[in-house]
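Residue numbers count from 1 along this sequence. As the structure is a computational prediction, the values presented were derived from the model and not from experiment.
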Amino acid sequence: MADQKYFSPEIVAEFLTNFEQNELDGLATAETYSQQLAIYLVQNELANAKFLWKRIPEDVKTATEELQKIWTVGCKMWLKDYTGVYTALRQEWSEIVKPLMLVLEGKIRDHLFELVQKAYTSIHLDKFSLFLGMTADSALEVARNHNWQYDDATKMLTPVKRDTGARKSSDITIKSDKQLGILTDYVSFLELIEH
């Protein structure tokens with residue numbers, strides 16, 4: 001996978017500033033548009049990607065197959081069609097865009113893994129593999145590496161819930177009771193003022 005240290009927020013911000021200045025100066029090329037579009041996707045800035053796509057001259061769009069492929073990935077992301085995203089990412093990318101697309105695929109996979117871990121008490125292996133965009137065997141290996149339980153007979157995975165530091169319900173009740181008391185005091189005070 002691409003080394004993520006090269007995609008620190010500071011470096012990305014500098015890249016985007018340079019790309020945008022090149023665009024304003026009329027120096028933007030298909031290559032710079034491709035990089036800028038890919039960076040917006042990596043940052044999950046889909047609105048910025050869409051506006052950039054609209055600004056790219058039509059002749060550049062039609063002449064640059066890779067730019068069209070990157071936009072296809074963006075469209076699939078916009079629609080939350082993650083199976084389509086993984087399919088669109090499985091392309092031959094230029095050396096300049098390939099690291100960005102690898103980082104994007106990893107970020108999407110990590111995001112969906114976390115969503116499944118939070119939202120599901122159990123999930124079928126085939127469905128889980130679709131979320132991760134990988135074969136069932138690879139998905140099972142990922143699940144086992146995270147200590148998930150697997151029932152071979154039903155092919156069901158049971159995610160291990162991460163400790164998110166969520167508050168206990170008793171903490172919430174105490175806070176709610178305290179807030180209710182404050183609200184009661186405030187209403188009582190307002191009633192006193194009216195009389």
Partner set under salt bridge (Lys or Arg N to Asp or Glu O under 4.0 Å) for [X], not counting sequence neighbours:
{"X": "Glu66", "answer": "none"}
{"X": "Glu65", "answer": "Lys69"}
{"X": "Glu95", "answer": "none"}

Can I get a per-line list of side-chain donor-acceptor pairs under 3.5 Å for residues 71-84, giving both atom names and the distance, sequence neighbours left out?
residue	atom	partner	partner atom	Å
Thr72	OG1	Gln68	O	3.0
Asp81	OD1	Gly84	N	2.9

Once rounded to the nearest 0.5 Å, what's the spacing between atom [atom1] of [X] and atom [atom2] of [Y]?
{"X": "Leu37", "Y": "Phe19", "atom1": "CG", "atom2": "CZ", "answer": "11.0 Å"}
{"X": "Met156", "Y": "Asp152", "atom1": "CE", "atom2": "CG", "answer": "13.5 Å"}
{"X": "Asp110", "Y": "Leu115", "atom1": "CG", "atom2": "CG", "answer": "11.0 Å"}
{"X": "Leu125", "Y": "Tyr150", "atom1": "CG", "atom2": "OH", "answer": "5.0 Å"}

Pairwise ring-ring contact (aromatic ring centres under 6.0 Å, His included) hits with a residue in residues 83-115, at least two apart: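 Every pair satisfying ring-ring contact (aromatic ring centres under 6.0 Å, His included) with a residue in residues 83-115: Phe113-His146, Phe113-Trp148.
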Suppose we screen for side-chain contact (heavy atoms from CB on, under 4.5 Å). Which residues come up paired with [X], at least two apart in sequence or across chains?
{"X": "Asn18", "answer": "Glu14"}
{"X": "Thr121", "answer": "none"}
{"X": "Glu45", "answer": "Tyr40, Gln43, Asn48"}

Test side chain to side chain contact (heavy atoms under 4.5 Å, CB included) applied to Leu157 and Gln149, step by step: CA-CA 6 Å; Leu157 288 163; Gln149 300 299 314; over 6 Å; no
Heavy-atom donor-acceptor pair, Thr64 side chain to Lys61 backbone, under 3.5 Å: no
Shortest non-hydrogen contact from Ala153 toward Asp151: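 Looking at all heavy atoms of both residues, the closest pair is N-OD1, 2.9 Å.
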Qualifying residues under side-chain hydrogen bond (donor to acceptor under 3.5 Å, both in side chains), relative to Lys127, sequence neighbours excluded: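 Per chain and number, Lys127 pairs via side-chain hydrogen bond (donor to acceptor under 3.5 Å, both in side chains) with Tyr120.
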Lys155: partners by side-chain hydrogen bond (donor to acceptor under 3.5 Å, both in side chains), with sequence neighbours left out: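 Counting only residues at least two positions away or on another chain, Lys155 forms no side-chain hydrogen bond (donor to acceptor under 3.5 Å, both in side chains).
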Pairs where residues 22-33 contributes a residue and the test salt bridge (Lys or Arg N to Asp or Glu O under 4.0 Å) is met, not counting sequence neighbours: Glu23-Arg55
Minimum side-chain heavy-atom gap Val85-Leu89 below 4.5 Å: yes
Pairwise side-chain contact, Tyr33 with Pro57, heavy-atom cut-off 4.5 Å (strictly under): yes
Phe51, CZ atom: more than 12 neighbouring heavy atoms under 6.0 Å: no
CD (Glu20) with more than 12 external heavy atoms under 6.0 Å: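 Yes - once you tally the heavy atoms of other residues, nucleotides and ligands closer than 6.0 Å, there are more than 12.
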For Val97, the option from Ile70, Leu104, Ile39, Leu67 that meets side chain to side chain contact (heavy atoms under 4.5 Å, CB included):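 Going through the options one by one, the only one that passes is Ile70.
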ILVMFWY cluster, Phe15 and Val42 together (side-chain gap under 4.5 Å): yes
Donor-acceptor pairs under 3.5 angstrom involving side-chain atoms of residues 131-142: please list them, not counting sequence neighbours.
residue	atom	partner	partner atom	Å
Thr135	OG1	Ser138	N	3.2
Thr135	OG1	Ser138	OG	3.0

